[in-house]
Protein chains: 2
Amino acid sequence: MRLVREARPHGREKLRSNLMEWFHWLLREAEIYDVRYPVKGAYVWRPYGMKIRRNVEALIRRLHDETGHEEVLFPVFIPYEFFGKESEHIRGFEKEVFWVSKGGEGGERLVLRPTSETAIMPMVKLWVQDYKDLPLRLYQIVSVFRAETKMTHPMIRLREISMFKEAHTVHVDREDAERQVREAVEIYKRIFDEMCLAYMINRRPDWDKFAGAVYTIAFDTVLPDGRALQIGTVHYLGTKFTEVFEVTYLAPDGSRRLAHTTSYGISERSIAAMLITHGDDAGTVIPPKLAPIQVVVVPIFYGEEEKGVVMPAAEQAAKALREAGFRVHVDGRDDKTPGWKFYYWELRGVPLRVEVGKRDVEGRQVVVARRDTLAKYAVAVDELVDAVKALLSEVEANLRRRAVEELRGRIVRVETVEAARAAIREGKVVELPWSGDNDCGLKLQELVGADALGVPMDSEASVGGFDLRDPACGKRAEVWLRLAERY
Amino acid sequence: MRLVREARPHGREKLRSNLMEWFHWLLREAEIYDVRYPVKGAYVWRPYGMKIRRNVEALIRRLHDETGHEEVLFPVFIPYEFFGKESEHIRGFEKEVFWVSKGGEGGERLVLRPTSETAIMPMVKLWVQDYKDLPLRLYQIVSVFRAETKMTHPMIRLREISMFKEAHTVHVDREDAERQVREAVEIYKRIFDEMCLAYMINRRPDWDKFAGAVYTIAFDTVLPDGRALQIGTVHYLGTKFTEVFEVTYLAPDGSRRLAHTTSYGISERSIAAMLITHGDDAGTVIPPKLAPIQVVVVPIFYGEEEKGVVMPAAEQAAKALREAGFRVHVDGRDDKTPGWKFYYWELRGVPLRVEVGKRDVEGRQVVVARRDTLAKYAVAVDELVDAVKALLSEVEANLRRRAVEELRGRIVRVETVEAARAAIREGKVVELPWSGDNDCGLKLQELVGADALGVPMDSEASVGGFDLRDPACGKRAEVWLRLAERY
């Protein structure tokens with residue numbers, strides 16, 4: 001493997017100048033997703049997008065199955081009687097719920113699930129008898145519905161969230177439930193790591209936790225425009241739902257006890273974050289493990305005679321790669337030029353391109369181009385499989401490293417409201433000293449003009465020995481509070 | 001491999017005496033599906049059921065992907081404006097549609113899709129430019145909603161059909177669309193064959209075709225109570241939808257032409273049919289290719305000492321089978337007897353059971369029991385993989401053969417209404433001579449007291465040289481009309 005063109009990645013000017021415009025362009029041009037469906041906040045997954053999504057769903061399923069979660073499927077209809085049982089939950093969701101009616105039919109008052117705690121708890125009550133039935137770890141991947149009044153964005157802020165993976169777990173006590181919370185965080189890390197996403201882990205402030213949670217831990221990434229995007233949440237629900245749904249179990253000592261529950265969710269937002277994080281002005285890069293096509297082989301020929309030499313070599317290369325387990329596509333279209341094909345597949349984010357020309361065939365070599373850096377390598381035919389394996393690993397590592405470095409560069413610690421405002425204007429996430437008092441936190445949000453993401457769980461939360469003051473209320477600061485502009 | 005117990009399958013008395021009661025029992029006891037969810041016609045898939053379903057979905061996806069279909073995902077909301085465009089379609093569906101509303105919000109009038117022709121056509125109009133974009137073959141696996149007023153049955157007659165695989169295809173002309181109809185029929189045959197289901201293929205009479213179809217071809221199976229169950233339909237839609245949605249393409253001669261479309265669907269009903277067809281009074285048999293567990297290994301030991309000998313041998317057998325690619329589970333539970341475990345796994349339909357006892361270990365053998373026949377074989381440890389492979393094939397072939405024979409035995413040709421009524425009472429499907437006239441057909445249904453399934457497409461439809469009369473109206477008969485009691 002010999003470098004024949006230095007790395008010179010595509011620019012990100014278009015992407016940076018108007019991120020949502022760029023995202024619409026990507027979804028349309030790469031035929032991932034169609035935003036023209038005539039219902040607000042509801043969009044269409046096109047075949048190429050669906051292939052990416054299927055790979056992400058398979059990853060999610062695998063990591064949940066491996067860790068003792070069992071897939072289930074609950075109905076989309078929730079009787080209002082159940083939906084309204086937990087008072088904080090209903091307060092949080094009732095304004096954005098869709099109602100279902102059947103012309104001329106009375107009786108049942110149904111809502112479309114915005115999340116499934118209140119559908120699942122009544123059944124869990126029937127399934128759980130004694131402590132041996134616990135822990136119970138269920139998940140489903142479904143559509144949920146939220147009548148967003150904010151501006152909707154494709155794949156990001158939806159009225160039909162169509163890839164909501166929601167896990168619901170039931171435990172004997174707080175300790176076991178919180179152990180599950182930590183495991184959920186680890187599972188999400190592994191999912192986002194495979195998507196090459198960078199993330200912060202933040203404990204949401206009380207005023208922004210899930211409606212019905214004791215506390216909420218959130219994964220936030222930051223998009224290239226400096227706005228934070230929540231890509232996953234993990235909730236410890238305590239006994240709030242088990243109390244109202246009377247989910248109890250028989251303990252070894254013969255007593256009946258209330259179970260403790262958790263829930264955690266991710267959605268197609270994570271795919272949006274992936275497409276955007278690895279995006280540039282030529283398209284996106286799909287992380288190798290999730291790419292529907294990992295290697296596209298582009299034969300380069302002029303005229304039938306060259307085609308007769310080049311096409312068999314291209315097919316041969318593809319065959320060797322397929323046998324080694326890679327997902328490979330040969331773009332043998334006659335009516336498109338090689339340059340057109342390069343553009344086409346770079347747009348769609350295929351991580352590696354193998355170019356096979358007449359001279360390559362003569363030299364028993366091919367040229368391999370990386371999508372992330374555009375570096376090109378001459379590779380002997382016999383070494384192609386090893387080279388592709390190594391390069392796919394490098395692409396993956398590079399995507400992850402770039403994302404992590406970009407995020408790291410965005411997080412700044414400041415001590416004053418003025419510095420915070422200035423940093424937010426530059427697209428930063430700020431960490432400000434906070435007393436931990438809710439009123440001070442809400443005031444901080446207002447003063448800074450940004451949303452609190454919460455207290456860092458991926459770095460030291462405590463302000464430690466520093467004698468810092470909460471700039472909102474002058475109290476002694478206890479922890480750092482992260483704030484950012486948010487989607 | 002040496003036969004050590006003759007075949008003596010479980011009886012089917014309970015199953016035959018009250019099929020739906022038996023089905024409820026199976027779903028509950030085998031923990032497949034929970035019917036206690038508090039919304040009419042909406043049920044819960046439990047983990048074991050979901051594992052079966054995932055395998056069926058994977059089969060459906062594979063056969064669609066392999067034949068040039070592309071998976072997509074459309075929103076569940078359809079604007080009424082689109083839903084109402086095709087007049088026959090809306091007439092057929094409007095009574096059973098669910099409406100969605102958002103408290104206090106005017107504007108959009110939305111329905112929950114009962115099927116997606118009217119969601120997909122407006123987008124197809126945008127995607128199809130010229131003849132090179134055709135044929136277009138899309139499919140999705142989604143929930144659809146029908147406010148059934150008839151009695152609902154778990155997995156069979158639902159208000160939320162949660163595994164609706166709907167394919168929608170677009171073609172240059174009738175000829176290509178009808179070629180697709182034939183291909184769809186072949187795909188469905190392959191799906192049902194792998195599920196070991198027996199089926200009739202019937203061209204539905206005009207009065208029972210899909211609302212908006214030119215014609216409908218249906219797959220019907222017959223349950224053990226003699227009632228027919230529709231498990232798949234294929235529709236040629238002509239230009240009915242493309243006219244109202246203005247789906248045209250540029251032909252090679254420069255003219256704009258209306259495209260022709262088809263749609264075809266199957267649902268979780270096929271899984272219900274599979275569980276019931278292969279059911280008996282001890283549970284069900286899952287066809288080997290779809291079974292979440294293909295082989296359960298049950299160690300048989302009394303006391304810790306035997307356990308120390310038997311468990312390693314059981315694990316060893318499981319390891320060999322797993323390495324050969326089988327899905328294997330070792331039931332090593334200490335607190336259950338072997339007999340209890342036999343019952344447990346027979347209920348759940350695991351096709352093969354491997355029993356490993358102390359004497360087996362000494363004799364370097366195991367005992368393999370078939371779920372379908374309960375025949376038992378002594379198998380040398382070294383031959384286990386080959387034996388399991390052969391026996392799984394035999395189980396599959398036997399399930400299919402039994403189903404096909406049972407169905408064949410149910411179809412009878414009769415020439416009079418009286419004979420037809422008598423046969424229907426005995427749980428038969430009758431074939432009666434029919435003039436082909438709709439009024440006569442409707443009258444035949446009434447006279448016989450059964451529903452017309454349509455004209456056979458899996459056997460000779462024409463009455464041929466026989467000079468037969470349509471018993472409803474005395475006209476000369478042209479074809480056979482199948483009638484049966486239906487779910």
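Quantities reported herein were computed from a predicted structural model and do not represent experimental measurements. Atoms considered below: every heavy atom in the structure, side chains included; atoms not considered: hydrogens, waters and symmetry mates. Here is how names work: the chains are called A, B, and so on, in the same order as the sequence lines, proteins then strands, and each is numbered from 1.
The candidate from A/E71, A/R53, A/E31 with the greatest count of non-hydrogen atom pairs under 4.5 Å with chain B is A/E71.
With a 4.5 angstrom heavy-atom cutoff, B/L110 touches chain A only via side-chain atoms. For A/F82, the part lying under 4.5 angstrom from a heavy atom of chain B is the side chain only. Only the backbone of B/E96 comes within contact range of chain A, judged by heavy atoms closer than 4.5 Å. Neither the backbone nor the side chain of B/Y48 comes within contact range of chain A; no heavy atoms are under 4.5 Å apart. Within the 4.5 angstrom heavy-atom criterion, no atom of B/I120 approaches chain A. With a threshold of 4.5 angstrom between heavy atoms, B/P122 does not approach chain A through any atom at all.
Taking CG from B/L112 and OG from A/S101, the interatomic distance works out to 9.0 Å, rounded to the nearest 0.5 Å.
Taking both residues in full, the closest heavy atoms of B/A119 and A/Y37 are given as CB-OH, 3.4 Å, listed atom of the first, atom of the second, then distance. In terms of heavy atoms, A/V76 sits closest to B/E160 at N-OE1, 2.8 Å.
B/P75 has its side chain out of reach of A/V39: every pair of non-hydrogen atoms, C-beta onward, lies at least 4.5 Å apart. At least one side-chain heavy atom of A/P47 sits under 4.5 Å from a side-chain heavy atom of B/V72.
Contact check on A/D335 versus B/K132 returns no salt bridge, with no Lys/Arg side-chain nitrogen under 4.0 Å from an Asp/Glu carboxylate oxygen. Comment: A/D65 engages B/R54 in a salt bridge, judged by a side-chain N to carboxylate O separation of less than 4.0 angstrom.
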B/F98 and A/V100: side-chain contact (heavy atoms from CB on, under 4.5 Å), yes or no, with the steps?
CA-CA 6 Å; B/F98 285 104; A/V100 177; 3.6 Å; yes
Where do B/V44 and A/W127 land on the side-chain contact (heavy atoms from CB on, under 4.5 Å) test, with the steps shown first?
CA-CA 12 Å; B/V44 177; A/W127 296 338; 3.8 Å; yes
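Classified by interplanar angle (parallel below 30°, tilted 30° to 60°, perpendicular above 60°), the ring pair B/F77/A/F145 is tilted.
Exactly one residue among B/K51, B/M50, B/R46 makes a side chain to side chain contact (heavy atoms under 4.5 Å, CB included) with A/E70. That residue is B/K51.
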